[in-house]
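To start, the structure under review is shown below, and the notes come after it.
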Amino acid sequence: MNNQNHCISIFTGHLKPSQALFLKLENAFLVSNTYEIIEIISLNPNIETELRGWAKIKGHLYLGREVLKQQYSYKIQKITKNSFSSSASWNKKMKGIETSNPKLKDLNLSEEILDKAPIDNGLLTRGIVTQEGSPHYNFELSHKELIWSDPVSILYEEGKNLQWNATTDIAWNEIPNLDPILEKAICQIMTYLVENEFSALYIPGKFISKINPYYMEVPLFLSSLMNDEARHIEVFTKRANANGGGFQYSSEVTQRSLYSLFKEEDYIKSSFLLHVMGEGTFVDLLSFLEKYMPDEATKKLIKLAKRDEMRHVAYGMEHVRSAIEQNPYRINSLKNTAFKRKEFMDELNTESTMLLESLAILAGGSDEPGDYKRGFELVEELKKTMNKNRIKRLIDIGMDEDLANDISKAHTPNFM
């Protein structure tokens with residue numbers, strides 16, 4: 001009975017016992033604490049019987065009536081516990097709107113983010129007050145260290161500001177008719193890109209429903225990431241069909257590599273394999289393609305896709321770095337994950353030869369022996385660049401150089 005002397009007053013005016021009156025009472029009692037006293041100030045002198053009956057039905061204690069000057073005070077003490085877990089900070093939010101208009105573009109959530117989401121946090125986020133008795137969802141990813149990346153809000157805003165349209169932002173009518181050999185190579189490359197982008201679309205989709213929405217920024221960012229990947233699939237498909245060539249071949253090594261990504265069920269390991277290792281290497285490939293594509297329209301679509309991918313890599317880098325800082329033993333776990341994937345890929349022990357030949361033709365400009373040889377050498381240089389940049393990323397997330405070298409060399413020959 002700690003709150004016996006604490007009284008909350010509500011004015012009901014001329015409201016008679018009705019659905020409208022009892023709705024008002026219902027909500028007043030919901031947001032009050034157990035044992036608090038609710039004072040109903042009314043202009044009606046004869047609603048005592050109805051209020052007493054309502055209180056009894058709801059499990060509360062009717063305390064009586066008091067005559068005031070031209071008004072009547074009816075008091076009911078809350079006994080049952082069907083209430084909200086806390087009070088919403090209405091005044092604080094209103095003050096924030098008045099004084100922080102420039103910040104309205106931000107999510108404007110509470111600055112304090114708990115390391116573990118409250119157990120009663122359902123399909124809602126920080127700042128929303130839950131009612132007692134609401135179901136517990138038991139989201140698998142309910143710890144901050146498993147999912148968080150400090151720049152996630154910035155990356156989300158960046159993703160919104162840098163949206164582009166695969167239909168209207170590319171000058172499709174300016175793509176020239178190319179030599180059939182070169183066009184076929186480009187179509188094979190686009191086929192490969194579409195396959196890999198499907199993995200980057202589906203894998204985050206596996207995890208979104210497991211992330212506690214208390215950490216709202218993460219599922220929102222991942223949804224924007226998925227939108228990016230969907231647009232990449234669209235634009236690479238359109239480029240494959242732009243000159244009538246269409247999709248080409250999917251290699252076993254590519255599908256096996258993507259399957260090894262798709263079947264990973266640990267979110268940190270998945271982020272490491274997909275964003276740090278895979279998409280990081282993918283950015284190098286896109287830089288290579290942007291450099292050697294023969295026309296400006298195709299260069300542009302590659303450049304725009306690369307800009308998106310760099311944002312995805314930034315999230316993964318900060319996410320995995322943060323996870324390692326909080327638990328350095330994770331380095332060993334990530335190492336084992338990388339080598340386990342290598343063992344899976346070693347059963348095939350090959351590269352996507354269709355892709356490599358197409359890259360060599362693109363870089364060389366044709367399949368003439370001299371051009372093709374020069375193109376092949378450029379592809380070999382690309383692999384060295386990929387390895388060098390992978391090592392740098394691995395060191396940046398907290399690994400020593402020797403381990404970074406070993407893990408980079410173990411990366412899939414599919415690049416992704």
Side-chain angles (χ1 to χ4, degrees), residues 107 109 113-117 125-126 139-160 162 196-197 199-229 260-283 307-338 341 389-400 403-404 407-408 411 416:
L107 292 173
L109 299 178
I113 304 177
L114 300 176
D115 291 335
K116 185 179 188 303
T125 190
R126 305 188 300 282
F139 290 103
E140 183 177 320
L141 297 171
S142 288
H143 289 79
K144 183 180 177 183
E145 69 173 292
L146 299 179
I147 58 172
W148 195 257
S149 171
D150 275 336
V152 67
S153 293
I154 298 172
L155 294 172
Y156 177 60
E157 290 295 331
E158 179 184 293
K160 290 189 295 181
L162 297 178
N196 284 269
E197 295 290 29
S199 74
L201 171 68
Y202 274 58
I203 291 169
K206 285 175 49 180
F207 291 102
I208 282 184
S209 64
K210 298 180 180 181
I211 296 173
N212 196 310
Y214 174 83
Y215 304 106
M216 171 181 171
E217 296 86 342
V218 178
L220 288 186
F221 171 73
L222 291 181
S223 69
S224 72
L225 178 153
M226 292 174 66
N227 185 55
D228 292 340
E229 305 299 6
S260 68
L261 285 175
F262 183 78
K263 67 186 183 73
E264 179 56 63
E265 296 298 331
D266 181 280
Y267 186 63
I268 295 176
K269 294 176 181 177
S270 178
S271 187
F272 170 69
L273 292 177
L274 177 62
H275 303 310
V276 178
M277 299 290 282
E279 287 182 312
T281 301
F282 202 65
V283 166
R307 186 176 69 186
D308 293 338
E309 296 294 347
M310 291 173 69
R311 187 164 56 251
H312 308 168
V313 175
Y315 165 74
M317 290 286 293
E318 290 300 323
H319 171 216
V320 178
R321 180 190 292 119
S322 175
I324 289 174
E325 286 175 353
Q326 294 177 76
N327 184 356
Y329 290 104
R330 285 201 172 100
I331 290 179
N332 192 56
S333 174
L334 296 178
K335 178 189 76 173
N336 292 338
T337 297
R341 187 182 186 206
N389 289 338
R390 273 197 304 271
I391 292 170
K392 183 178 184 302
R393 287 194 302 278
L394 291 170
I395 292 173
D396 285 348
I397 63 172
M399 295 186 179
D400 65 59
L403 179 58
I407 291 179
S408 179
H411 187 58
M416 187 73 160

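The model shown is predicted, which means the values in this text are computed figures rather than measured ones.
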Practice problem: Look at the aromatic rings of Y315 and H275 and report parallel, tilted or perpendicular, splitting at 30° and 60°. | Solution: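 Rings of Y315 and H275: perpendicular, as their planes differ by over 60°.
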Self-check item: Mutual orientation of the aromatic rings belonging to F262 and Y202 [parallel < 30°, tilted 30-60°, perpendicular > 60°]
Solution: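 Rings of F262 and Y202: tilted, 30 to 60°.
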Report the distance from atom [atom1] of [X] to atom [atom2] of [Y], rounding to the nearest 0.5 Å.
X    : Y    : atom1 : atom2 : answer
D150 : L155 : CG    : CG    : 10.5 Å
N336 : I407 : CG    : CD1   : 9.0 Å
K144 : N212 : NZ    : CG    : 13.5 Å
N227 : L222 : CG    : CG    : 12.5 Å
L394 : K335 : CG    : NZ    : 13.0 Å
S199 : E229 : OG    : CD    : 8.0 Å

Ignoring hydrogens and geometry, is there a side-chain-to-backbone donor-acceptor pair from [X] to [Y] under 3.5 Å?
X    : Y    : answer
K160 : S224 : no
T337 : S333 : yes
T281 : M416 : no

With sequence neighbours left out, what residues match [X] under side-chain contact (heavy atoms from CB on, under 4.5 Å)?
X    : value
E158 : L162, R311
I331 : I324, M399, L403
I154 : none

Exercise. State which residues pass ring pair (Phe, Tyr, Trp, His ring centres under 6.0 Å) with Y267; sequence neighbours excluded, sorted by chain then number.
Key: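 Expected list: F207, H319.
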Quiz prompt | R341/L261 under side chain to side chain contact (heavy atoms under 4.5 Å, CB included): CA gap, chis, key distance, verdict | solution = CA-CA 8 Å; R341 187 182 186 206; L261 285 175; 3.3 Å; yes
What closest approach, in Å, do [X] and [Y] show between heavy atoms, and which atom pair accounts for it?
X    : Y    : result
A338 : L273 : CA-CD2, 4.5 Å
M216 : R126 : N-NH1, 3.9 Å
H411 : R390 : CD2-NH1, 3.5 Å
S271 : G316 : OG-CA, 3.8 Å
I203 : S270 : CG2-OG, 3.3 Å
G280 : V313 : N-CG2, 3.6 Å

Practice problem: Mind running side chain to side chain contact (heavy atoms under 4.5 Å, CB included) on E325 and R330 for me, showing each step along the way? | Solution: CA-CA 9 Å; E325 286 175 353; R330 285 201 172 100; over 6 Å; no
For residues [X] and [Y], determine if any side-chain heavy atom of one lies less than 4.5 Å from a side-chain heavy atom of the other.
X    : Y    : answer
L274 : P204 : yes
I268 : F272 : no
E217 : W148 : yes
R321 : R393 : no

Quiz prompt | Pair listing, salt bridge (Lys or Arg N to Asp or Glu O under 4.0 Å) test, anchored in residues 270-281, at least two apart | solution =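 For residues 270-281, and leaving out neighbouring residues, there are no salt bridge (Lys or Arg N to Asp or Glu O under 4.0 Å) pairs at all.
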Quiz item: Just by distance, with hydrogens left out, do S322 and E318 show a side-chain donor and acceptor under 3.5 Å apart?
Solution: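 No, no side-chain donor-acceptor contact under 3.5 Å.
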Exercise. Apply side chain to side chain donor-acceptor pair (under 3.5 Å) to D396 and list each qualifying residue two or more places apart in sequence or on a separate chain.
Key: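 For D396, the residues satisfying side chain to side chain donor-acceptor pair (under 3.5 Å) (neighbours in sequence not counted) are K392.
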Practice problem: Applying side chain to side chain contact (heavy atoms under 4.5 Å, CB included), run through K206 and E265 and close with a yes or a no. | Solution: CA-CA 9 Å; K206 285 175 49 180; E265 296 298 331; 3.2 Å; yes
